[in-house]
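Okay, so here's the structure we're looking at.
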Amino acid sequence: MPRAVKAKSLQNTRTVALARGLVGKVLARQRPGGRVERHRITEVEAYDGESDLACHASKGRTPRTEVLYRPGGVWYVYLCYGIHEMVNLVTGPVGYPAAVLIRGVEGISGPGRLTKRLAIGRQLNGVAATRASGLWVEDDGFVVPTGALRTGPRIGVDYADAEWAGKPWRFWMKL
DNA sequence: ACAAGGATACCT
DNA sequence: GGTATCCTTGTC
């Protein structure tokens with residue numbers, strides 16, 4: 001029986017380790033009719049603190065990034081390139097801006113496609129990642145097979161300083 | 001290879 | 001009030 005991942009477990013500062021652990025977990029989405037869809041998370045990226053130049057909060061607290069400073073366990077959804085919504089799970093204790101970008105789930109690759117297919121938009125920005133909100137994370141006991149977990153640099157962050165753009169904070173599993 | 005597309009942040 | 005930039009995608 002799958003169990004929801006508790007917000008409390010997202011409120012520590014080990015965001016990179018948290019991101020790695022989210023690969024293989026389940027993204028659950030309640031549809032308007034009440035039906036629940038479950039998608040296994042295959043690819044994520046960690047964004048960790050104001051010192052991380054690829055993190056939106058590297059420029060400090062703004063109306064957009066305010067959500068990142070909240071205690072872990074809420075969604076951060078923003079618009080990129082004017083077209084695509086990106087969904088992140090906020091992590092860290094209150095006052096520490098960090099999040100995990102969900103880049104892909106099984107059968108859907110690409111963060112923009114993912115949000116489109118699951119009808120995730122900015123209406124979920126700042127909303128708690130609980131079953132009641134309609135979008136949450138579950139652990140169904142699945143274990144990523146040994147050797148299937150891959151690590152590499154994050155995508156689309158070349159604008160950041162090479163030191164940060166090169167950090168191996170993208171995690172995915174080879175299916 | 002590249003345009004589309006709109007919010008955001010940072011100027012003047 | 002103007003402009004550069006952005007955690008992308010589909011079509012060229």
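Throughout, protein chains are lettered first and strands after them, A, B, ... in sequence-line order, and every chain is numbered starting at 1. From a predicted model like this one, the values you see are computed outputs, not experimental measurements.
Using a 4.0 Å heavy-atom cutoff across all strands shown, A/Arg122 reaches sugar-phosphate atoms only and no base atom. Contacts of A/Arg64 with the nucleic acid, taken as non-hydrogen atoms under 4.0 Å apart, involve only primed sugar atoms and P, OP1 or OP2. The residue A/Ile155 sits close only to the backbone: its heavy atoms come under 4.0 Å of sugar-phosphate atoms, none of a base.
For A/Arg170 and C/dT8, the CZ to C1' distance is 14 Å, given to the nearest whole Å. When the C1' atom of B/dA9 is taken as reference, atom NZ of A/Lys59 falls 8 Å away, rounded to whole Å. Residue A/Tyr81 contributes atom OH, which lies 14 Å from atom P of C/dG10 at whole-angstrom precision.
OP1 and OP2 of C/dC6 both lie 4.0 Å or more from every side-chain N or O belonging to A/His56.
For A/His84, the listed nucleotide lying nearest its side chain is C/dT8; candidates were C/dT8, C/dC7, C/dG10.
Judged by distance alone with a 3.5 Å cut-off, no donor-acceptor contact links the side chain of A/Tyr78 to the base of C/dC6.
Applying the salt bridge (charged side-chain N to carboxylate O under 4.0 Å, His left out) test between A/Glu85 and each of A/Lys116, A/Arg113, A/Arg122 identifies A/Arg122 as the sole match.
Using N1 to N3 plus N6-O4 or O6-N4 for Watson-Crick, or N1-O2 and O6-N3 for G-U wobble, each under 3.5 Å, C/dT9 pairs with B/dA3.
Between the side chains of A/Asp48 and A/Tyr96, a donor-acceptor pair is found at a separation under 3.5 Å. Side chain to side chain, A/Glu50 and A/Tyr69 meet the donor-acceptor criterion of an N or O pair below 3.5 Å.
By the 5.5 angstrom centroid cut-off and the 30-degree plane limit, A/Tyr159 is classified as not stacked against the base of C/dC6.
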